[in-house]
Student: 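The structure that follows is given in the form of structure tokens.
Just so you know, these numbers use all the heavy atoms, side chains as well, and skip hydrogens, waters and symmetry mates. Below, read A as the first sequence line, B as the second, and so on, with proteins coming before strands; counting in each chain starts at 1.
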There are 2 protein chains.
Amino acid sequence: MRSYRQYCALARGLDVVGDRWTLLLVRELLEGPRRYRDLLDGLPGIATNLLAERLRGLEASGVVVRRDDGRYALTPWGQGLREVLYTFARWAAPLMAVPLGDDAFRPHWLHNLVGALFDDVDPERANLTVELRCEDEPSTIIAAAGRVRITHGSVPDPDVVLAGPPNGVIGLLAGRIDEAFATDLGVTIIGDARQLTHLRPRPLPETGGPPPRPTGTRSLG
Amino acid sequence: MRSYRQYCALARGLDVVGDRWTLLLVRELLEGPRRYRDLLDGLPGIATNLLAERLRGLEASGVVVRRDDGRYALTPWGQGLREVLYTFARWAAPLMAVPLGDDAFRPHWLHNLVGALFDDVDPERANLTVELRCEDEPSTIIAAAGRVRITHGSVPDPDVVLAGPPNGVIGLLAGRIDEAFATDLGVTIIGDARQLTHLRPRPLPETGGPPPRPTGTRSLG
DNA sequence: CTGCATCCGGGCCGATACTG
DNA sequence: CAGTATCGGCCCGGATGCAG
């Protein structure tokens with residue numbers, strides 16, 4: 001990318017990660033070291049040359065390293081983008097109220113959203129395990145000691161299971177829709193969904209979100 | 001911008017503010033409503049058509065409103081980007097260790113950096129006023145009740161005055177360089193610079209920053 | 001099959017000229 | 001002052017090729 005040539009932290013930061021696809025590539029690497037092929041799968045729509053180019057640029061900037069096993073990984077500095085992306089995801093969360101439409105979706109993207117919504121220590125948070133199932137790929141949220149983690153796969157006896165379209169699952173987790181509406185959206189709920197309130201997601205900025213789209217798209221909440 | 005078409009908060013957020021110049025435009029509007037001409041001055045290098053186009057786009061997205069007096073302002077949702085940009089600026093702060101070179105600089109950009117470094121409530125923070133002078137344009141940091149604000153202009157009796165090149169002033173504020181080095185860089189210090197430690201800036205991620213540039217550019221600390 | 005490099009058409013960007 | 005118009009160039013997107 002052409003540099004902004006401004007002596008400003010934001011401008012210089014954007015010189016590093018402001019290129020198209022770059023922050024989404026970081027999003028993928030936040031889940032751990034990944035191969036080129038995995039990154040392609042997690043970035044539907046990117047051209048192969050662009051992925052290679054972005055990886056080289058981030059490597060030159062010190063955000064990414066290529067490890068001996070061929071995987072790409074974030075450097076410690078690159079890991080620092082987690083907080084940035086989580087903060088940004090919370091700001092952008094209202095945009096998720098517009099349903100998927102033709103947009104691509106990958107179940108592991110839920111991990112970032114769960115991270116953004118629950119990335120804090122809350123002593124009043126209840127211990128709870130919640131299994132999420134979108135597109136038949138299970139993930140499990142484990143709340144313990146005030147913290148929330150999410151892992152791939154299932155655990156034996158989850159307190160709640162949410163299965164169905166991602167907008168419904170997300171709406172329930174964020175506390176933006178109720179059980180009935182989620183069921184309308186096609187979400188299957190096993191267990192007591194009211195326990196989800198004890199996960200206590202970070203409040204999204206009360207100062208609303210974007211104005212409703214002019215088209216007849218139906219919002220979530 | 002072409003949409004990423006991904007059902008992901010980050011991707012949808014980038015659809016709104018991922019275009020080139022967009023976040024820097026938001027940076028300018030974080031200081032308050034601004035006229036078209038002010039924005040041009042604060043965004044050296046932007047083309048006039050791009051500024052107009054970005055403003056229209058952000059207006060359509062609900063991030064910016066054009067007020068009756070012709071000024072552009074952030075909506076409440078747009079104001080929510082402050083936390084995002086501050087978090088990002090802290091991540092990118094190590095990049096400021098590389099001196100200005102030919103980069104453009106505007107004194108009011110310091111306000112964002114001060115905001116990013118001190119945007120918290122710290123009960124152990126001392127009350128203090130610090131005047132900053134870069135390019136003969138004074139700003140004043142006022143720490144009181146554990147909070148830090150920065151305003152344009154001077155106040156009668158600041159505890160400390162820092163005047164000189166922005167990299168030196170910033171290095172002192174962030175606690176990354178000492179008085180002697182700052183003086184070397186051309187900073188004039190009036191008052192007791194040791195009081196600056198009582199401002200207690202947010203710690204930057206200890207996990208370093210980018211690797212040193214291969215060229216012989218001299219770092220700040 | 002993975003991990004790219006190359007090629008090419010189109011759109012976004014950058015710079016300047018111009019208008020109310 | 002507040003933009004619009006225009007045009008060249010570069011980045012992006014999509015397809016293909018190819019080496020290991």
Side-chain angles (χ1 to χ4, degrees), chain A residues 1-6 8 10-12 14-29 32-61 64-73 102-104 106, chain B residues 1-6 8 10-12 14-29 32-61 64-73 102-104 106:
Chain A
M1 155 178 287
R2 193 184 162 86
S3 168
Y4 287 109
R5 318 238 60 190
Q6 297 185 359
C8 161
L10 289 169
R12 289 194 167 183
L14 289 171
D15 285 345
V16 174
V17 297
D19 257 327
R20 193 162 161 76
W21 291 107
T22 303
L23 283 178
L24 297 185
L25 171 52
V26 172
R27 170 193 75 189
E28 294 299 307
L29 291 176
R34 288 291 183 271
R35 311 180 171 286
Y36 185 88
R37 160 59 43 181
D38 304 325
L39 294 172
L40 268 186
D41 293 340
L43 295 166
I46 198 173
T48 61
N49 58 341
L50 280 190
L51 177 55
E53 199 173 311
R54 295 293 177 270
L55 285 167
R56 267 184 278 128
L58 289 176
E59 219 179 328
S61 310
V64 162
V65 283
R66 184 172 194 179
R67 310 191 314 175
D68 293 342
D69 61 2
R71 288 182 158 97
Y72 295 92
D102 299 341
D103 289 6
R106 297 289 182 272
Chain B
M1 155 179 285
R2 193 183 160 86
S3 168
Y4 286 110
R5 317 238 60 187
Q6 297 185 0
C8 161
L10 289 170
R12 289 195 167 182
L14 289 171
D15 284 346
V16 174
V17 298
D19 258 326
R20 193 160 161 77
W21 290 106
T22 303
L23 283 178
L24 296 185
L25 171 52
V26 171
R27 170 193 75 190
E28 295 299 308
L29 292 176
R34 288 292 182 271
R35 312 177 172 286
Y36 187 87
R37 159 58 45 179
D38 303 327
L39 295 172
L40 269 186
D41 293 342
L43 295 166
I46 197 175
T48 60
N49 59 341
L50 280 190
L51 176 54
E53 199 173 310
R54 294 295 176 268
L55 285 167
R56 274 198 304 268
L58 289 176
E59 220 179 327
S61 312
V64 163
V65 283
R66 183 175 192 178
R67 310 192 313 175
D68 293 342
D69 62 2
R71 289 181 157 97
Y72 295 92
D102 300 340
D103 289 4
R106 297 288 182 274

Student: Please state whether the phosphate of C:dT2, meaning OP1 or OP2, lies under 4.0 angstrom from any side-chain nitrogen or oxygen of A:Tyr72.
Tutor: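 For A:Tyr72, the contact criterion (side-chain N or O under 4.0 Å from OP1 or OP2 of C:dT2) is not met.
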
Student: In the structure I gave you, are the side-chain heavy atoms of B:Leu39 and B:Leu55 within less than 4.5 Å of one another anywhere?
Tutor: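 The answer is yes; the side chains approach within 4.5 Å.
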
Student: Return no unless some side-chain N or O of B:Arg37 is found under 4.0 Å from OP1 or OP2 of D:dC1.
Tutor: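 Answer yes for this pair, as a side-chain N or O of B:Arg37 is under 4.0 Å from OP1 or OP2.
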
Student: Quick one: are A:Glu28 and A:Asp38 in side-chain contact, heavy atoms under 4.5 Å?
Tutor: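 No, their side chains stay 4.5 Å or more apart.
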
Student: Would you please confirm or rule out a distance under 4.0 Å between OP1 or OP2 of C:dC12 and any side-chain N or O of A:Arg2?
Tutor: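 Answer is no, no contact under 4.0 Å.
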
Student: Which atom pair, heavy atoms only, marks the closest approach of A:Gly70 to A:Arg66?
Tutor: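 Heavy atoms only, the tightest pair is O-NE, 3.7 Å.
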
Student: Using atom CD1 of A:Ile46 as one end and atom C1' of D:dA15 as the other, report the distance to the nearest whole Å.
Tutor: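 Roughly 16 Å, once rounded to whole Å.
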
Student: How many whole angstroms separate atom CZ of B:Arg5 from atom C1' of D:dG13?
Tutor: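 Result: 15 Å.
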
Student: Rounded to whole angstrom units, what separation is found between the CZ atom of B:Arg34 and the C1' atom of D:dA2?
Tutor: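 My rounded result for the distance is 17 Å.
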
Student: Would you check, one step at a time, whether the test side chain to side chain contact (heavy atoms under 4.5 Å, CB included) holds for A:Glu53 with A:Asp19?
Tutor: CA-CA 11 Å; A:Glu53 199 173 311; A:Asp19 257 327; over 6 Å; no

Student: Tell me which residues in residues 47-56 of chain B put a heavy atom below 4.0 Å from DNA chain C, sorted by number, or none.
Tutor: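 When residues 47-56 of chain B is checked for heavy atoms under 4.0 Å from DNA chain C, the hits, listed by number, are B:Ala47, B:Thr48, B:Asn49, B:Leu50, B:Arg54.
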
Student: Over all strands shown, is A:Gly70 touching base, sugar-phosphate only, or nothing at heavy-atom distances under 4.0 angstrom?
Tutor: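 Since no nucleic acid heavy atom lies under 4.0 Å of A:Gly70, the category is nothing.
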
Student: Using whole Å, what does the distance between atom P of nucleotide C:dG3 and atom CG of A:Asp69 come to?
Tutor: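 Taking CG of A:Asp69 and P of C:dG3, I get 10 Å after rounding.
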
Student: Could you give me the CA-CA distance, side-chain angles and deciding distance for A:Leu51 and A:Trp21, then say whether side chain to side chain contact (heavy atoms under 4.5 Å, CB included) is met?
Tutor: CA-CA 8 Å; A:Leu51 177 55; A:Trp21 291 107; over 6 Å; no

Student: Let's go through A:Gln6 and B:Arg27 carefully: what are the C-alpha distance in whole Å and the side-chain angles of both, what is the deciding distance for side chain to side chain contact (heavy atoms under 4.5 Å, CB included) to 0.1 Å, and is it a yes or a no?
Tutor: CA-CA 13 Å; A:Gln6 297 185 359; B:Arg27 170 193 75 190; 2.9 Å; yes

Student: Rounded to whole Å, please give me the gap between CZ in B:Arg67 and P in D:dA2.
Tutor: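 One finds 13 Å between P of D:dA2 and CZ of B:Arg67, rounded.
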
Student: If I compare all heavy atoms of A:Ser61 with all of A:Val16, which pair ends up nearest, and what's the gap?
Tutor: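 Answer, listing the atom of A:Ser61 first, then A:Val16: CB-CG1, 3.8 Å.
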
Student: Check this one for me: any side-chain N or O of A:Arg66 less than 4.0 Å away from OP1 or OP2 of C:dC4?
Tutor: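 Yes, because at least one side-chain N or O of A:Arg66 sits under 4.0 Å from OP1 or OP2 of C:dC4.
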
Student: Would you mind reading off the distance between B:Leu43 atom CG and D:dG3 atom P, rounded to a whole angstrom?
Tutor: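 Result: 14 Å.
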
Student: Between A:Tyr36 and C:dA5, is there a side-chain N or O to OP1/OP2 distance below 4.0 Å?
Tutor: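 No, because none of the side-chain N or O atoms of A:Tyr36 sits under 4.0 Å from OP1 or OP2 of C:dA5.
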
Student: Where along residues 14-26 of chain B does a heavy atom come under 4.0 Å from DNA chain D, residue by residue in number order?
Tutor: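 Of all residues in residues 14-26 of chain B, none places a heavy atom under 4.0 Å from DNA chain D.
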
Student: Where do B:Thr22 and B:Leu58 come nearest, in terms of heavy atoms and distance?
Tutor: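 Where B:Thr22 meets B:Leu58 most closely, the heavy atoms are CG2-CD2, 3.7 Å.
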
Student: Determine the minimum heavy-atom distance between A:Thr48 and A:Tyr36, stating which atoms define it.
Tutor: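 It is O-OH, 2.7 Å.
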
